[in-house]
**Student:** 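Right, I'll just put the structure down here and ask away after.
The chain is numbered in sequence order, starting from 1. Because the structure is predicted, anything quoted here is derived from the model rather than measured.
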Amino acid sequence: MAFTPLHDRVLVERVEGEEKTAGGLIIPDSAKEKPAEGVIVAVGAGLRDDDGDRIALDVKEGDKVLFGKWSGTEVTVDGKDLLIMKESDILGVIS
């Protein structure tokens, strides 16, 4: 990938939401909410502490994460629609 986030930022690709409800109804694209789940595509090197040492991020590439509904900034990298956000915007890692 031609993009590397800086500091404590991560690049996330959204996971597509469900096409049908539990009852079997098909949800049209206009009615779908954007999913708040994604897979981390790239991570920054981490912030620096007062001594200048790097503080490693708690997430890594390939982690499936849950983030806030309005988190991140939408960007297009290599033709893919992705989100760039701070690590603190991530609510948790899905195992």
Side-chain angles (χ1 to χ4, degrees):
M1 172 155 297
F3 184 83
T4 303
L6 295 176
H7 308 296
D8 66 335
R9 290 181 172 78
V10 296
L11 195 61
V12 178
E13 182 174 9
R14 285 188 195 264
V15 175
E16 289 300 318
E18 292 292 320
E19 299 285 328
K20 293 183 181 181
T21 64
L25 297 174
I26 297 174
I27 304 170
D29 289 337
S30 60
K32 287 184 189 174
E33 287 191 26
K34 290 185 177 178
E37 283 182 27
V39 176
I40 296 183
V41 178
V43 296
L47 289 175
R48 291 193 182 270
D49 62 12
D50 293 335
D51 296 327
D53 298 325
R54 291 264 185 209
I55 301 171
L57 275 66
D58 292 329
V59 295
K60 61 187 179 306
E61 288 183 30
D63 282 352
K64 189 172 183 181
V65 294
L66 185 68
F67 50 87
K69 187 172 186 177
W70 304 108
S71 298
T73 302
E74 293 182 359
V75 295
T76 301
V77 178
D78 294 338
K80 292 182 182 179
D81 292 329
L82 305 170
L83 290 170
I84 187 165
M85 64 183 72
K86 289 190 165 232
E87 183 187 31
S88 59
D89 291 338
I90 296 173
L91 304 173
V93 177
I94 301 170
S95 53

**Student:** Mind checking whether Val77 and Ile84 sit in one hydrophobic cluster, side chains of I, L, V, M, F, W, Y counted as touching below 4.5 Å?
**Tutor:** yes
**Student:** Say you draw a straight line from CG of Leu91 to OG of Ser71; how long is it, rounded to the nearest 0.5 Å?
**Tutor:** 6.5 Å
**Student:** Can you tell me how far apart NZ (Lys86) and OG1 (Thr73) are? Round to the nearest 0.5 Å.
**Tutor:** 11.0 Å
**Student:** Out of curiosity, Lys80 NZ to Glu13 CD, how far, rounded to the nearest 0.5 Å?
**Tutor:** 5.0 Å
**Student:** Ignoring hydrogens, what is the shortest heavy-atom contact between Arg48 and Ile55? Give both atom names and the distance.
**Tutor:** C-CD1, 4.4 Å
**Student:** Could you pull out all residues at least two apart from Asp89 that satisfy salt bridge (Lys or Arg N to Asp or Glu O under 4.0 Å)?
**Tutor:**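 Applying salt bridge (Lys or Arg N to Asp or Glu O under 4.0 Å) to Asp89 gives none.
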**Student:** On a heavy-atom basis, which atom in His7 and which in Leu57 lie closest, and how many Å separate them?
**Tutor:**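 Scanning both residues, the minimum pair turns out to be O-CD1, 4.0 Å.
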**Student:** Roughly how far, to the nearest 0.5 Å, is CD1 of Ile40 from NZ of Lys64?
**Tutor:**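 One finds 12.5 Å between NZ of Lys64 and CD1 of Ile40.
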**Student:** Please report the shortest heavy-atom distance between Phe67 and Gly38, naming the atom on each side.
**Tutor:** CE2-N, 3.7 Å
**Student:** What's the shortest heavy-atom distance between Val10 and Val12, and which atoms?
**Tutor:**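 Reported closest heavy-atom pair: CG2-CG2, 3.9 Å.
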**Student:** Does a side-chain heavy-atom distance below 4.5 Å link Arg54 with Leu47?
**Tutor:**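 Contact flag for Arg54/Leu47 side chains = no.
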**Student:** Which atom pair, heavy atoms only, marks the closest approach of Asp63 to Val59?
**Tutor:** OD2-CA, 3.5 Å
**Student:** Report the C-alpha separation of Val39 and Val15 in whole Å, then their side-chain angles, then the decisive distance to 0.1 Å, and conclude whether the side chain to side chain contact (heavy atoms under 4.5 Å, CB included) test is met.
**Tutor:** CA-CA 7 Å; Val39 176; Val15 175; 4.0 Å; yes
**Student:** Are the side chains of Phe3 and Val75 in contact, using a 4.5 Å heavy-atom criterion?
**Tutor:**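 Counting from C-beta outward, Val75 and Phe3 never come under 4.5 Å.
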**Student:** Between Arg14 and Glu37, does the salt bridge (charged side-chain N to carboxylate O under 4.0 Å, His left out) criterion hold? Intermediate values first, please.
**Tutor:** CA-CA 6 Å; Arg14 285 188 195 264; Glu37 283 182 27; over 6 Å; no
**Student:** So which heavy atom on Leu83 is nearest to which on Glu74, and how close?
**Tutor:**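 Where Leu83 meets Glu74 most closely, the heavy atoms are CD2-CG, 3.5 Å.
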**Student:** Can you list the residues that meet the side-chain hydrogen bond (donor to acceptor under 3.5 Å, both in side chains) rule with Thr76, with sequence neighbours excluded?
**Tutor:**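 By the side-chain hydrogen bond (donor to acceptor under 3.5 Å, both in side chains) rule, Thr76 matches Asp81.
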**Student:** Which residue is it: Val43, Leu11, Val41? I am looking for the one with a side-chain contact (heavy atoms from CB on, under 4.5 Å) to Pro5.
**Tutor:** Leu11
